[in-house]
Enquirer: 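Here it is: the structure, laid out below.
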Amino acid sequence: MQWPARFTVRHIAHRLRSCSSLKEVESWYGLLLKNGTAQDCFLMNQYITACSHLHAIDSTIFAFAQMENPNLFVYNAMIGAFVHYFRPLDGLWYYVLMLRNGIRPSSYTFPAVIKSCRVLSFVGVGTSVHGQVLRTGLPLHVHVQTALVDFYSSLGRILESTKVFDEMPERDGFAWSAMISAHARAGDLDSAKRVFDEMPENNTATWNTLIHGYVEAGDVESAEELFCRMVKRDVISWTTMINCYCKHKRYREAVELFREMKSTEIRPDEVTMSTVISACAHLGALDQGKEMHLYVMQTRSNIDVYIGSALIDMYAKCGLLERALLTFFKLQEKNLFCWSSMIDGLAFHGYAEEALSMFDKMEEENIEPNSVIYVSVLAACTHGGLVEEGKRRFLEMTSRYFILPGIEHYGCMVDLLCRVGLLEEALGLIRSMRMQPNSVIWGALLGGCKLHKNLEIAQVAVDRLMILEPNNSGYYTLLINMYAEANRWSEVARIRAIMKDRGVLKIWPGSSWIEVKKKMHQFAACDNYHPASEEIYSVLDVLDLQLKLFGYEPYLDFVL
DNA sequence: GTAGGGTTAG
């Protein structure tokens, strides 16, 4: 079949660009082949770009491979497509191919190449590309220079960023944004603000960049102030601010700001939704989380991996493990984070075996685990008391995936060994660590000592804890209780004296909270602040009575 | 070519 004679090349290019499905694009490729125009660089460039927009990177690679003489534009499209789909190494590979084939790169080639180097942290390659840019003798190009500003600042080489920026003959919003971001990355918010103020006309992106800079620097107040002063906020401004509250554990404010956002005409996108669902997870706000889930389902056809992971995590943290599982199995696309949330949810609810078999299933699907997921795997072993399994997985982590254990993995292992009474082995593991053990590690050991009544090792742990957290009364109290239990009252007096001497204060008691009908209720031990306090305590009394009827004896050894 | 996203041991 020939296409109609009235179709010019330009006509076809336009049709290719406006395709909305891969099937449509592919059928155009069939036509290109039949008409013998599959070697036409201009048309193939359009085809590659169209595929790239539709997430079909494999089709672009195939089409490229069929071409005998791809030109500069085709290479540029390929390199751009790879960067767009997070395959920077392939992008650089095509760049090298291009040079080998004697094609001179243009100003449209370099930004993608430099970005690839930035993503891969290829310092040497990036610097050499900068040299190539200078040697081409092309006039300085604002896109290339912006990419260089970004490249150097991501390496912490702010002076070079500034130099490139200062040499720029003209600067657009992107360039200013990159420079503000460069200073912010270096932690120099004063300079970031100065560049922001120097800029002739600020745009939404530069405001957002600066706000994000303050968020990263931990200056929530400045971020808030800027956000309030903004005249034209877009979805990124709102999301940045919602994320700001999440980063600083002010989840309630995050959800409140989201509500405020919904009263404007700005629509939340995937990033906003995953952030706010995660905030609900941390709050244990099930009703609100469900509402977000509903909103997501109403407004989009499928759930992306970020929102999927956030939902799984939210349902698991709110106690609805079945819902978490349902969400997990319904996901069309799953990545490591989806598996991670699911495995962690299972482990958290005590389903150790299930968590481990889920992990094995993930391996079968050729998803490479990272160090974080191993924390959940080891925690599952701890909660299930699976010592041998835990040891095996701990070793496998390094031997199979080359993941060096971090302090949190040691934490899990120490906890695992301690709970079953292997205290010496735990101490040996602590001594073999590549890093300085922190209070969590010693705390886990102390917990094991308490459980298995080992005063000698407990003393070792407390000695370390007194140095690491001298003001935490909890560890002292625990040791006092242990000595009291062993009737060693002189030791009790000795530690009490140390506490008094060091002025160790009793810390505030921990509290818990629950959401009922979108209202948060907070409780601390023995408090009577809640309006329904009396009623709650009477229910507790009933529960207490029922427990006793079932033969439960409260463990009062440590209540002195 | 610039700006916003995720899970973790006690």
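None of these values were measured; they are calculated from a predicted model. So you know, we letter chains A, B, ... as the sequences are listed, proteins then strands, and number each from 1. Side chains included, hydrogens not; waters and symmetry mates left out as well; all remaining heavy atoms used.
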Enquirer: State yes or no: are the ring centers of A/H141 and A/Y108 separated by less than 6.0 Å?
Expert: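 Yes.
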Enquirer: Rounded to whole angstrom units, what separation is found between the CG atom of A/D150 and the C1' atom of B/dT2?
Expert: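 Computing the A/D150:CG to B/dT2:C1' distance gives 7 Å.
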Enquirer: Checking only heavy atoms, does the side chain of A/T275 share a donor-acceptor pair with the base of B/dG5 at less than 3.5 Å?
Expert: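 By the distance-only test, no, there is no pair.
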Enquirer: Please check the phosphate of B/dG4 (OP1 and OP2 only) for any side-chain N or O of A/N243 closer than 4.0 Å.
Expert: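 The answer is no; no side-chain N or O of A/N243 sits under 4.0 Å from OP1 or OP2.
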Enquirer: Looking at B/dT2, B/dT7, B/dA9, which one has an atom nearest to any side-chain atom of A/I407?
Expert: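 Closest nucleotide to the A/I407 side chain: B/dA9.
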Enquirer: Centre-to-centre under 6.0 Å for A/H293 and A/Y315, is that the case here?
Expert: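 That pair passes the under 6.0 Å test.
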Enquirer: Can you find a donor-acceptor N/O pair under 3.5 angstrom joining the side chain of A/D269 to the base of B/dG4?
Expert: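 When only heavy-atom distances are counted, A/D269 does reach the base of B/dG4 through a donor-acceptor pair under 3.5 Å.
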Enquirer: B/dG10, B/dG4, B/dG6: which one has an atom nearest the side-chain heavy atoms of A/Y475?
Expert: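 Among B/dG10, B/dG4, B/dG6, the one nearest the side chain of A/Y475 is B/dG10.
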Enquirer: Any idea which of B/dG1, B/dG5, B/dT2 is nearest the A/A178 side chain?
Expert: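 Among B/dG1, B/dG5, B/dT2, the one nearest the side chain of A/A178 is B/dT2.
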Enquirer: Think A/R185 has a side-chain N or O under 4.0 angstrom from the OP1 or OP2 of B/dT2?
Expert: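 So the side-chain polar atoms of A/R185 never come under 4.0 Å of the phosphate oxygens OP1 or OP2 of B/dT2.
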Enquirer: Please determine if a side-chain N or O atom of A/K317 lies less than 4.0 Å away from the OP1 or OP2 oxygen of B/dT8.
Expert: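 Yes, within the criterion.
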Enquirer: Any luck finding a side-chain donor-acceptor pair between A/D313 and A/S341 under 3.5 Å?
Expert: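 There is no such pair (donor and acceptor under 3.5 Å, judged by atom type) between the side chains of A/D313 and A/S341.
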Enquirer: Can a side chain N or O of A/K247 be found less than 4.0 Å away from OP1 or OP2 on B/dG5?
Expert: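 Yes, because at least one side-chain N or O of A/K247 sits under 4.0 Å from OP1 or OP2 of B/dG5.
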Enquirer: Figure out the CG/P separation between A/L378 and B/dA9, and round it to whole Å.
Expert: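 Rounded to whole Å, this separation is 12 Å.
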Enquirer: Please tell me which of the listed nucleotides, B/dG10, B/dA9, B/dG5, lies nearest to the side chain of A/E408?
Expert: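 The answer is B/dA9, which lies nearest to the side chain.
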Enquirer: Please determine if a side-chain N or O atom of A/H212 lies less than 4.0 Å away from the OP1 or OP2 oxygen of B/dG4.
Expert: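 Yes.
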Enquirer: Could you check whether A/N202 gets within reach of a base, just the sugar-phosphate, or nothing at all, counting any heavy atom under 4.0 Å?
Expert: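 Result for A/N202 = nothing.
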Enquirer: Donor-acceptor pair under 3.5 Å: do we get one between A/S340's side chain and the base of B/dT7?
Expert: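 In this structure, the two groups form a donor-acceptor pair.
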Enquirer: Of all the nucleotides listed (B/dT7, B/dA9, B/dG10), which has the minimum atom distance to the side chain of A/D415?
Expert: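 Side chain of A/D415 sits closest to B/dG10.
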Enquirer: Which one, B/dG6, B/dT2, B/dG5, comes nearest to the side chain of A/V271?
Expert: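 Of B/dG6, B/dT2, B/dG5, B/dG5 is nearest to the side chain of A/V271.
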Enquirer: Cut-off 3.5 Å, no hydrogens considered: what does the side-chain donor-acceptor table look like for residues 324-337 of chain A, sequence neighbours left out?
Expert:
{"from": "A/T327", "atom 1": "OG1", "to": "A/R323", "atom 2": "O", "distance (Å)": "2.7"}
{"from": "A/N335", "atom 1": "OD1", "to": "A/F337", "atom 2": "N", "distance (Å)": "3.0"}
{"from": "A/N335", "atom 1": "OD1", "to": "A/C338", "atom 2": "N", "distance (Å)": "3.3"}

Enquirer: Could A/K163 and A/Y152 be counted as a cation-pi pair, given that NZ or CZ must be under 6.0 Å from the ring centre and within 45° of the axis?
Expert: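 No - A/K163 does not lie over the ring of A/Y152 by the 6.0 Å and 45° rule.
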Enquirer: Of the nucleotides B/dT7, B/dT2, B/dA3, which one has an atom closest to the side chain of A/I236?
Expert: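 Of the candidates, B/dA3 comes closest.
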Enquirer: Would you mind telling me which of B/dG10, B/dG1, B/dA3 lies closest to the side-chain atoms of A/S177?
Expert: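 Nearest nucleotide to the side chain: B/dA3.
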Enquirer: So which nucleotide from B/dA9, B/dG1, B/dG6 ends up closest to the side chain of A/N335?
Expert: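 The nucleotide sitting nearest to the side chain is B/dG6.
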Enquirer: Would you mind telling me which of B/dT2, B/dG6, B/dA9 lies closest to the side-chain atoms of A/T146?
Expert: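 Within the option list, the nearest is B/dT2.
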Enquirer: Check whether any side-chain N or O of A/N208 sits under 3.5 Å from a backbone N or O of A/I211 as a donor-acceptor pair, and report yes or no.
Expert: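 Side chain of A/N208 to backbone of A/I211, a donor-acceptor pair under 3.5 Å: no, none is there.
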Enquirer: What contact category does A/R171 fall into here, base, sugar-phosphate, or nothing, at under 4.0 angstrom with non-hydrogen atoms?
Expert: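 If one applies the 4.0 Å heavy-atom cut-off, A/R171 turns out to touch nothing in the nucleic acid.
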Enquirer: So what does A/S309 touch, heavy atoms closer than 4.0 Å: a base, only the sugar-phosphate, or nothing?
Expert: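 It contacts base atoms.
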Enquirer: At under 4.0 Å, does any side-chain N or O of A/R419 touch on OP1 or OP2 of B/dG10?
Expert: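 Looking at the OP1 and OP2 atoms of B/dG10, one of them is under 4.0 Å from a side-chain N or O of A/R419.
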